[in-house]
Amino acid sequence: MSGANRFDRTADLYAAHAANRDWTGFLAWCEPRAEDRVLDVAGGPGALAAALAGRVASVTVLDAAPALLGHAPEGVQTVEGRAEQLPFAEASFDLVTCVNSLHHIARPARALDEMARVLAPGGRLVLEDMVADPDPRRARRWEEIERLRDPEHGRLISPGDTRGPLQAAGMHLDSEETWLRTNRVDRWLAVAGTGEPAASRVRQMIGGPEFEVRVWRARYRRPAG
């Protein structure tokens, strides 16, 4: 969530939406430990941080939208900043997460480099995001829809986009999975604060009350030695 953007304008809507998520599956991938120092990159209102609190030693949420950070729960450290330039020393965290945010970041490869830099030996990096359709034509059409919904949308990544930067930084891919998730169009538009006539055009292009999106999740590890 880079820069002062629509997340500042729609912070209340987005925070309410994020608070409804069941984090059970994602937490299992994080393998939280009592001694972990956790950083949630572009973590917005701290919904994941709230789920991690009490399971780990500390949780820090970084985001570029101060209005979102204002929703973070007590006991969580909040830092305003950009994913491409994390204001933390090397090896500061044992667990780094980034959920549904890489497609908002202007330079995702740079952000991945930074996440790897601040991860301590033996640490885990857990990523989740919507990903592009493998069919280039369908992918281009969906990018058009995304930008109608949110003109500040960046670009949906492909799972392979993360491997080069992270492997170059000494990280190992531990596990990954991809699945389809069903979203309701009206709720999706409302969370983004999409106005007319863009919302009508999006509904027309999707052609129904629901749509499916590909979701990808991966866990990388930094070797302990």
Side-chain angles (χ1 to χ4, degrees), residues 1-21 40-48 61-72 78-86 98-112 114-115 127-159 161-162 180-216:
M1 302 174 189
S2 53
N5 53 33
R6 66 100 169 166
F7 290 100
D8 287 302
R9 301 188 300 271
T10 63
D12 293 345
L13 288 169
Y14 187 84
H17 173 74
N20 290 324
R21 171 163 176 169
D40 189 20
V41 176
L48 173 56
V61 178
L62 175 134
D63 202 279
L68 280 178
L69 291 174
H71 288 272
T78 60
V79 177
E80 185 178 343
R82 299 174 62 87
E84 301 97 326
Q85 191 173 5
L86 297 177
C98 185
V99 180
N100 294 344
S101 294
L102 284 172
H103 67 278
H104 289 296
I105 295 170
R107 294 182 293 163
R110 173 62 179 166
L112 292 167
E114 282 289 274
M115 294 181 216
L127 305 170
E128 182 180 300
D129 213 329
M130 287 75 74
V131 292
D133 193 291
D135 181 301
R137 184 179 61 83
R138 290 171 61 88
R140 286 193 297 271
R141 177 178 171 80
W142 190 254
E143 289 293 342
E144 182 182 353
I145 292 171
E146 288 276 7
R147 290 194 178 92
L148 280 168
R149 174 190 179 247
D150 176 10
E152 297 171 32
H153 167 78
R155 177 183 66 86
L156 293 184
I157 66 166
S158 297
D161 292 343
T162 67
L180 293 176
R181 183 175 68 206
T182 301
N183 287 344
R184 294 196 60 82
V185 174
D186 285 344
R187 183 180 182 186
W188 183 64
L189 291 169
V191 169
T194 309
E196 300 293 347
S200 294
R201 177 58 177 155
V202 167
R203 294 188 189 97
Q204 181 184 33
M205 292 181 73
I206 292 177
E210 297 180 339
F211 64 92
E212 288 186 330
V213 62
R214 281 179 169 79
V215 183
W216 162 84

Nearest atoms (heavy-atom pairs only) where [X] meets [Y]:
X    : Y    : value
D133 : A139 : O-CB, 3.5 Å
V41  : A83  : CG1-CB, 3.5 Å
E80  : A64  : OE2-O, 4.1 Å
A19  : A47  : N-CB, 4.5 Å
L102 : D129 : N-OD2, 2.8 Å

So, using side chain to side chain donor-acceptor pair (under 3.5 Å) as the criterion, who are the partners of [X] when residues are at least two apart?
X    : result
R147 : none
R149 : none
E128 : R21, R217
R203 : D186, E196

Quiz item: Can you list the residues that meet the salt bridge (Lys or Arg N to Asp or Glu O under 4.0 Å) rule with R107, with sequence neighbours excluded?
Solution: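 R107: no salt bridge (Lys or Arg N to Asp or Glu O under 4.0 Å) contacts found.
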Practice problem: List for me each residue that meets salt bridge (Lys or Arg N to Asp or Glu O under 4.0 Å) alongside R110, sequence neighbours excluded, and say none if there are none. | Solution: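 Salt bridge (Lys or Arg N to Asp or Glu O under 4.0 Å) list for R110, sorted by chain: E114.
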Pairing residues for [X] by the side-chain contact (heavy atoms from CB on, under 4.5 Å) criterion, not counting sequence neighbours:
X    : value
A72  : T78
E212 : L180, T182
H17  : R187, V191
R137 : D135, R140

Heavy-atom distance under 4.5 Å between the side chains of [X] and [Y], does that happen here?
X    : Y    : answer
R141 : R138 : no
L112 : L127 : yes
R155 : D161 : yes
V131 : L156 : no

Hey, what do you get for [atom1] ([X]) to [atom2] ([Y]), rounding to the nearest 0.5 Å?
X    : Y    : atom1 : atom2 : answer
L86  : M115 : CG    : CE    : 7.0 Å
D40  : S101 : CG    : OG    : 7.5 Å
N183 : I206 : CG    : CD1   : 9.0 Å
D63  : L68  : CG    : CG    : 5.5 Å
L148 : E143 : CG    : CD    : 11.5 Å
I157 : T162 : CD1   : OG1   : 6.0 Å

Quiz item: Within the distance-only criterion (no hydrogens, no angle test), does the side chain of D150 pair as donor or acceptor with the backbone N or O of A192 below 3.5 angstrom?
Solution: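 Between the backbone of A192 and the side chain of D150 there is no qualifying donor-acceptor contact (under 3.5 Å).
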Quiz item: Do S200 side-chain atoms and A198 backbone N/O form a donor-acceptor pair below 3.5 Å?
Solution: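 Side chain of S200 to backbone of A198, a donor-acceptor pair under 3.5 Å: no, none is there.
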Quiz prompt | Residue list, ring-ring contact (aromatic ring centres under 6.0 Å, His included) with W142, at least two apart or on another chain | solution =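 With sequence neighbours excluded, W142 shows a ring-ring contact (aromatic ring centres under 6.0 Å, His included) to W188, F211, given in chain and number order.
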Practice problem: Applying ring-ring contact (aromatic ring centres under 6.0 Å, His included), name anything that partners H71, two or more places apart in sequence or on another chain. | Solution: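 Applying ring-ring contact (aromatic ring centres under 6.0 Å, His included) to H71 gives none.
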Exercise. Taking atom types as modelled, find out whether H104 and E152 have a side-chain donor-acceptor pair closer than 3.5 angstrom.
Key: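 Result is no, nothing qualifies.
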